[in-house]
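Heads up, the thing below is written out as structure tokens.
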Amino acid sequence: MVRLVADAMTRQVVYLPEDTPLDEAAQVMRDRGIGDVVVTSGPTMTGIVTDRDIVIRAIAENLPPATTTLGAIATRELLMVEQSASVEEAVQAMRERGVRRLLVCDADRNLVGILSLSDIALLPTSAAA
């Protein structure tokens, strides 16, 4: 059975401005039970920041979380996959690019969700292969 990205993705996407301090972003992630936020500059998506990014790129580098902003540590390369793609295609894209998350878009390239390795891990075993 072919599973589609739309079946596995998280539909809750949280957007935060690039001038948001890391401590505030971490609190949003905690409160919403999510591990990433899409970073914006006005109406434009400019990057993505994960909870792991905050730890590795900021805390481990002794950057102060109250004054360091999302824009300072964001991953600028936004990788997208269509929601109609198979989970297997998405996993292959993650492997090739060495990433743990992909933004998910519809046919018009509008953001509709995020697919993470943990989303894939929660699929029934036969669909995650």
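Using a 4.5 Å cut-off between side-chain heavy atoms of Ile, Leu, Val, Met, Phe, Trp and Tyr, with links allowed through other members, M9 and V14 fall into different hydrophobic clusters. Hydrophobic clustering (ILVMFWY, side-chain heavy atoms < 4.5 Å, transitive): L111 and V5 are in distinct clusters. Residues Y15 and L22 do not share a hydrophobic cluster, defined by chaining ILVMFWY side chains whose heavy atoms lie under 4.5 Å apart.
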Considering only distance and modelled atom types, tabulate donor-acceptor pairs under 3.5 Å from the side chains of residues 112-122, sequence neighbours left out.
residue, atom, partner, partner atom, Å
S116, OG, S118, N, 3.4
S116, OG, S118, OG, 2.9
S116, OG, D119, N, 3.2
S116, OG, D119, OD2, 3.2
D119, OD1, T10, OG1, 2.9
D119, OD2, T10, OG1, 3.2
D119, OD2, S116, N, 2.9

Which pairs would a plain distance check flag for residues 79-87, meaning a side-chain donor or acceptor within less than 3.5 Å of a matching protein atom at least two apart in sequence or in another chain?
residue, atom, partner, partner atom, Å
S86, OG, E89, N, 3.0
S86, OG, E89, OE1, 3.4

Can you give the donor-acceptor pairs under 3.5 Å from side chains of residues 28-49 to other protein atoms, not counting sequence neighbours?
residue, atom, partner, partner atom, Å
D36, OD2, R101, NE, 2.5
T40, OG1, L16, O, 3.4
S41, OG, E18, OE2, 3.4
T46, OG1, V39, O, 3.3
T46, OG1, R76, NH1, 3.4

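Remark: A72 pairs with T68, T69 by the side chain to side chain contact (heavy atoms under 4.5 Å, CB included) rule, at least two apart or across chains. Taking D108 as the reference, D106, N110 meet the side chain to side chain contact (heavy atoms under 4.5 Å, CB included) condition, with sequence neighbours excluded.
Through side-chain heavy atoms spaced under 4.5 Å, either directly or across other Ile, Leu, Val, Met, Phe, Trp or Tyr residues, V55 is tied to I56.
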Handout entry: R100/T50 under side chain to side chain contact (heavy atoms under 4.5 Å, CB included): CA gap, chis, key distance, verdict
Key = CA-CA 10 Å; R100 299 165 191 252; T50 68; over 6 Å; no
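L70 approaches A25 most closely through the heavy-atom pair CD2-CB, 3.6 Å.
To the nearest 0.5 Å, atoms CD (E61) and CZ (R57) are separated by 10.5 Å.
Side chain to side chain, Q92 and E96 meet the donor-acceptor criterion of an N or O pair below 3.5 Å.
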